[in-house]
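Everything on this sheet refers to the single structure shown next.
All chains are named by letter (A, B, ...) in the order of the sequence lines, taking the proteins before the strands, and each is independently numbered beginning at 1.
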Protein chains: 2
Amino acid sequence: MSARLESRGTPGRILDVSERLAQTRGFNGFSYADIAGELDVTKASLHYHFATKAVLGRVLIARYHEVFAGLLGQIDASTTSAAEKLRRYVGLYRGVLVNDRLCLCGMIAAEHATLPKPMQGEIRRFFTANEAWLAAVLEQGERDGELHLRGTSLEVARLLLSALQGAMLVARSYRSVARFDVSAKRLLASLAAEPRTSRGIKPRAR
Amino acid sequence: MSARLESRGTPGRILDVSERLAQTRGFNGFSYADIAGELDVTKASLHYHFATKAVLGRVLIARYHEVFAGLLGQIDASTTSAAEKLRRYVGLYRGVLVNDRLCLCGMIAAEHATLPKPMQGEIRRFFTANEAWLAAVLEQGERDGELHLRGTSLEVARLLLSALQGAMLVARSYRSVARFDVSAKRLLASLAAEPRTSRGIKPRAR
DNA sequence: GTCTATAGGTGGATAGAC
DNA sequence: GTCTATCCACCTATAGAC
């Protein structure tokens, strides 16, 4: 997430700036004027590419979701251990937080009541997709004897997603990535198959 | 939290309305005009009681913190079991969520970057106070053999606070209190000294 | 595709009468 | 303490020239 290159083309650059502003200030916390100022174009020009802010918001979430899904695919493709997948998943969130951002969808979820209906639906889709991916990883981990779930995979996945979103929210208030790290570590540790290792998940196979 | 009576007096009523609006729409999601409309007074009248919105925000958080601290005091005074204290703490959050609100400070934390500095500090104070209360309860629970922490009490307290904030955030996107309940239940279960799930036997190292 | 110019609305905030 | 009236900055959005 943090390593993604800058987009080329005007629409892509508009989305890049909007995304950063939305993740730091919220969807209602930035304006077309803010984007225009950063890109040295006029507000009218922005309206040519994204007719209304509601449209911009929907495209923003759709692209975010798409990119995120791609990253999860990369994790799946290059990682075998479920515990390691989870660590890399946490790493994605961490990469967002170190840039003083929140997850786009976590941030926008806070503004839920003020959003156009289509955006609300897109956010749920993002959450649901994340929960499904996490649930699959958790099930794999349990099958492999690497993880021990104390509930259904979906329940644990939902707790995991919620807890990470909350950990980012609170940690950012303190400007402390360390706070996030500690909470994330405890979360993963609670899923480890061997309760005696309080330091983290089972060491990865080398 | 959910059972608190309406305040008397104009300043109190202004704060009541502002609090609800801030918890549902965010601090940047409501205006003096919104408050004025609900209370049938003019914007000018609001400015008499709270000169600027920044002042209103600070008083809002201060009052919220005060009331919340009072509720924690009530829990301490009327509950002996640490596990039961935690359940009642979770109940406070639940009571907020069923009214389609988020914790005032969780909500405002999302808007962190757009807030006046004094408000940012007040939010951290609220979080820190919650963490301290939780840590004390957790320590009591471990002493009593009721809870088993897999980390320092402060670390676990921080995870607990973050996870509950996140659980509210996500659950509200789905308008589903059940989602919150499940996550909260799993969280508390992970702290129980003896897991009494249907799986029965304490997990052992393989 | 990008610009200038502007419409029409709402934001927080103030002056001064009552 | 509450009102009317107003200021000015900013918001989203559009019309029309280039």
Salt bridge [X]-[Y], side-chain N to carboxylate O under 4.0 Å:
{"X": "B:Lys85", "Y": "B:Glu146", "result": "no"}
{"X": "A:Arg63", "Y": "A:Glu66", "result": "no"}
{"X": "B:Glu155", "Y": "B:Arg158", "result": "no"}

OP1 or OP2 of C:dG11 under 4.0 Å from side-chain N/O of B:Ser31 =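 Yes, such a contact exists.
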Contact under 4.0 Å: B:Thr10 side-chain N or O vs D:dT2 OP1/OP2 |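 For D:dT2, OP1 or OP2 has a side-chain N or O of B:Thr10 closer than 4.0 Å.
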Rounding to an integer number of Å, can you tell me how far [X] [atom1] sits from [N] [atom2]?
{"X": "A:Arg13", "N": "C:dG1", "atom1": "CZ", "atom2": "C1'", "answer": "12 Å"}
{"X": "B:Asn28", "N": "D:dC10", "atom1": "CG", "atom2": "P", "answer": "15 Å"}
{"X": "B:Leu56", "N": "C:dG12", "atom1": "CG", "atom2": "P", "answer": "10 Å"}
{"X": "B:Ile35", "N": "C:dA13", "atom1": "CD1", "atom2": "P", "answer": "11 Å"}
{"X": "A:Tyr48", "N": "C:dT2", "atom1": "OH", "atom2": "C1'", "answer": "10 Å"}
{"X": "A:Tyr32", "N": "D:dT14", "atom1": "OH", "atom2": "P", "answer": "10 Å"}
{"X": "B:Asp34", "N": "C:dG12", "atom1": "CG", "atom2": "P", "answer": "8 Å"}
{"X": "A:Leu46", "N": "D:dA13", "atom1": "CG", "atom2": "C1'", "answer": "12 Å"}

I'd like to know if the side chain of [X] reaches the main chain of [Y], judged simply by a donor and an acceptor atom lying under 3.5 Å from each other, with no hydrogens or angles considered.
{"X": "A:Arg25", "Y": "A:Arg20", "answer": "no"}
{"X": "A:Asn130", "Y": "A:Phe127", "answer": "no"}
{"X": "A:Tyr32", "Y": "A:Ala44", "answer": "no"}
{"X": "B:Tyr93", "Y": "B:Cys103", "answer": "no"}

Hey, could you give me the CE/CZ distance between A:Met107 and A:Arg101, rounded to the nearest 0.5 Å?
->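 The CZ atom of A:Arg101 is 11.0 Å from CE of A:Met107, to the nearest 0.5 Å.
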Which pair of non-hydrogen atoms, one from B:Phe27 and one from B:Lys53, has the smallest distance, and what is that distance?
->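 Taking B:Phe27 first and B:Lys53 second, the nearest heavy atoms are O-NZ, 2.6 Å.
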Taking five pairs at each end, how big is the angle between the two axes of the helix from C:dG1-D:dC18 to C:dC18-D:dG1, to 10°?
->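 Roughly 0° between the end axes, to the nearest 10°.
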Measure up the B:Phe68 and B:Phe126 rings against each other and bin them: parallel (under 30°), tilted (30 to 60°), perpendicular (over 60°).
->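 Ring orientation of B:Phe68 relative to B:Phe126: perpendicular.
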So, A:Glu84 versus A:Thr79: side-chain donor-acceptor pair below 3.5 Å or not?
->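 No - no donor-acceptor pair under 3.5 Å links their side chains.
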Going by atom types only, do B:Ser162 and A:Arg179 share a side-chain donor-acceptor pair under 3.5 Å?
->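 Side chains of B:Ser162 and A:Arg179: no pair found under 3.5 Å.
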By a strict heavy-atom criterion of less than 4.0 Å, which residues belonging to residues 113-121 of chain A are in contact with DNA chain D?
->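 Residues of residues 113-121 of chain A under 4.0 Å from DNA chain D: none.
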Base, sugar-phosphate, or nothing for A:Phe50, non-hydrogen atoms under 4.0 angstrom?
->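 No contact.
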Please enumerate all protein N or O atoms sitting under 3.5 Å from an N or O of nucleotides 14-18 of chain C, with distances to 0.1 Å.
none

Given D:dA13, C:dG11, D:dG1, the nucleotide with the shortest approach to the side chain of B:Ala33 =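 The closest nucleotide is C:dG11.
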